[in-house]
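What follows is a short report on a single structure.
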Amino acid sequence: MSATKNSQQLHRVLVVDDDPDIVELLQYNLEKEGYDVRTAPDGRKALDTARSFVPELVLLDIMMPQLDGIETGRQLRNLPDLRQTFILYLTARSEEYSEVAAFEIGADDYITKPIKPRALMSRINALFRREAQKADPGEKIEIGGLVINRLNYTVTTGDKTVVLPKKEFELLFFLALSPNKVFGREELLQKIWGVDIYVLERTVDVHIRKLREKIGETYIKTLKGVGYMFNDEG
């Protein structure tokens, strides 16, 4: 099934890998599915291409010359036009610390090589489908002294405004939609990352820690052995 039937609605994908055979394989399969594809052989060129192309998805290797994939992903997340861009890592590295580092910078998925093109296309199509099917609960939540704005992924408290990475924002927004309700880590993983993506449970803890560093310790409470909830009293 193609990603789109309308050439004006092609999803833009940037493929970043220093192996030309992998780039060729990915580009062929993505274009066959109907995606608009650009490529880059290293992190620095990926950043240059991303600024002008503004991809909706970046497929990113970790071990690359010039700039490794983790630092490339971190810098991509700091570009205002790419805060909502999906970042999907494709890497030969299967160590847990590499996976944790990837999700710490806001990765949406992490897949180890060798690549299985059909399975990968299914994962990518699922990402875009899930994004398109999300119910719209409104553009803003004002709760507990916070203004949480979906239009620009910002959180404002008093005179301080913080721009959050995509996954941190989605996690906060989801919790704030149901204040004082406790969610377990597994449920949060399914709601924010999706049921078809394998993510370590500690990824939730990492994102909660980062949120607390940015908006304060009092908004998200931990119930030991159970999960997390948004405290509407701040």
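For the single chain, residues carry numbers from 1 onward in sequence order. Only a predicted model underlies this, so the values are computations on that prediction, with no experimental measurement involved.
- Checked for salt-bridge contact, D81 and R51 miss the test: no charged N lies under 4.0 Å from a carboxylate O.
- For the salt bridge (charged side-chain N to carboxylate O under 4.0 Å, His left out) with E104, the qualifying choice from R209, K210, R202 is R209, the only one to do so.
- Residues P179 and I143 are in side-chain contact: their nearest non-hydrogen atoms beyond the backbone lie under 4.5 Å apart.
- Across all their heavy atoms, R123 and I111 have their closest contact at NH2-CG1, 3.6 Å.
- Atoms CD1 and CG, on I124 and D108 in that order, are 11.5 Å from each other to the nearest 0.5 Å.
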| field | Verdict with reasoning, H207 to K167, per side-chain contact (heavy atoms from CB on, under 4.5 Å) | value | CA-CA 8 Å; H207 282 66; K167 289 303 179 187; 3.6 Å; yes

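- Distance alone, capped at 3.5 Å, places no donor-acceptor pair between the R185 side chain and the G227 backbone.
- More than 12 non-hydrogen atoms from other residues, nucleotides or ligands lie less than 6.0 angstrom from CD of E31.
- For the side chain to side chain contact (heavy atoms under 4.5 Å, CB included) with L26, the lone residue among L90, V16, T39 that qualifies is L90.
- Looking only at side-chain heavy atoms (C-beta outward), L14 and L57 stay at 4.5 Å or farther from each other.
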| task | Using the salt bridge (charged side-chain N to carboxylate O under 4.0 Å, His left out) rule, take R38 and D36 through it: C-alpha gap first, then chi angles, then the decisive distance, then the call. | result | CA-CA 7 Å; R38 299 288 186 279; D36 182 9; 2.8 Å; yes

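- Relative to the ring axis of F86, K166 places its NZ or CZ within 45° and under 6.0 Å from the centre.
- Inter-residue side-chain proximity for I115 and I22 is flagged as met; some heavy-atom pair is nearer than 4.5 Å.
- In this structure, Y219 contributes its side chain and G144 its backbone to a donor-acceptor pair below 3.5 Å.
- Within the 4.5 Å cutoff, the side chain of P55 has no heavy atoms near those of the V13 side chain.
- A single hydrophobic cluster is not seen to contain both M229 and L171; linkage of ILVMFWY side chains at heavy-atom distances under 4.5 Å, directly or through other members, places them apart.
- Annotation: salt bridge (charged side-chain N to carboxylate O under 4.0 Å, His left out) contacts of R44 (sequence neighbours excluded): none.
- Residues D21 and L25 fail the side-chain proximity criterion, which asks for heavy atoms closer than 4.5 Å.
- Atom CD1 in I148 sits 5.0 Å away from atom CD1 in I141 (nearest 0.5 Å).
- At most 12 non-hydrogen atoms from other residues, nucleotides or ligands lie less than 6.0 angstrom from NZ of K221.
- Here CG of D17 is found 11.0 Å from CG of D42. Values are rounded to the nearest 0.5 Å.
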| query | When you look at N125 and Y35, which way does the side chain to side chain donor-acceptor pair (under 3.5 Å) test go after all the steps? | reply | CA-CA 10 Å; N125 290 337; Y35 291 102; 2.5 Å; yes

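- A pairwise comparison of heavy atoms in L82 and R77 identifies O-NH1, 3.2 Å as the closest pair.
- Under the ring-ring contact (aromatic ring centres under 6.0 Å, His included) criterion, F169 pairs with Y153, F173, sequence neighbours left out.
- Between L10 and E56, the shortest heavy-atom distance links the atoms O-OE2, 3.7 Å.
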| said: Walk me through whether T85 and V58 qualify under side-chain contact (heavy atoms from CB on, under 4.5 Å). | reply: CA-CA 7 Å; T85 294; V58 180; 3.9 Å; yes

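- Within the model, atoms CD1 of I105 and CD of Q75 stand 11.0 Å from one another, a figure rounded to the nearest 0.5 Å.
- Atom CD of E24 has 12 or fewer heavy atoms from other residues, nucleotides or ligands within 6.0 Å.
- Under the side chain to side chain contact (heavy atoms under 4.5 Å, CB included) criterion, T154 pairs with N149, N152, T161, V163, sequence neighbours left out.
- Put simply, the side chain of L175 reaches to within 4.5 Å of the side chain of I208, judged on heavy atoms.
- V204 and Y228 get closest at one heavy-atom pair: CG1-CE1, 3.8 Å.
- Note: L47 CG to S52 OG = 11.0 Å, rounded to the nearest 0.5 Å.
- Note on V147 and F230: separate hydrophobic clusters, where clusters join Ile, Leu, Val, Met, Phe, Trp and Tyr whose side-chain heavy atoms are under 4.5 Å apart, directly or indirectly.
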| Under the side-chain contact (heavy atoms from CB on, under 4.5 Å) criterion, do L60 and T91 qualify, and how do the steps go? | CA-CA 8 Å; L60 190 57; T91 177; over 6 Å; no

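- Residues E99 and T203 fail the side-chain proximity criterion, which asks for heavy atoms closer than 4.5 Å.
- Under the 4.5 Å side-chain contact rule for hydrophobic residues, L177 and L172 share a cluster.
- Across A107 and W193, no two heavy atoms sit closer than the pair O-NE1, 3.6 Å.
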| task | Kindly indicate, with the supporting measurements, whether the criterion side-chain contact (heavy atoms from CB on, under 4.5 Å) is fulfilled by L211 and E168. | result | CA-CA 7 Å; L211 281 171; E168 289 176 31; 4.0 Å; yes

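- When atom types are taken as modelled, the side chain of T49 and the backbone of K45 share a donor-acceptor pair closer than 3.5 angstrom.
- Listed by chain and residue number, V182, L223 satisfy the side chain to side chain contact (heavy atoms under 4.5 Å, CB included) test with V226 (two or more places apart in sequence, or in another chain).
- A heavy-atom distance below 4.5 Å is not found between the side chains of K214 and V155.
- Taking CG of L67 as the reference point, atom OG1 of T72 lies at 3.5 Å (rounded to 0.5 Å).
- Put simply, F174 and I215 are part of the same group of oily side chains (I, L, V, M, F, W, Y) that touch within less than 4.5 Å, one to the next.
- Other members of the cluster containing Y28 do not exist, because no ILVMFWY side chain is joined to it at under 4.5 Å.
- Contact record, I220 with R212: O-NH2, 2.6 Å, taken as the closest heavy-atom pair.
- A salt bridge does not link K181 to D232: none of the charged nitrogens lies less than 4.0 Å from a carboxylate oxygen.
- Listed by chain and residue number, I70 satisfy the side chain to side chain contact (heavy atoms under 4.5 Å, CB included) test with A101 (two or more places apart in sequence, or in another chain).
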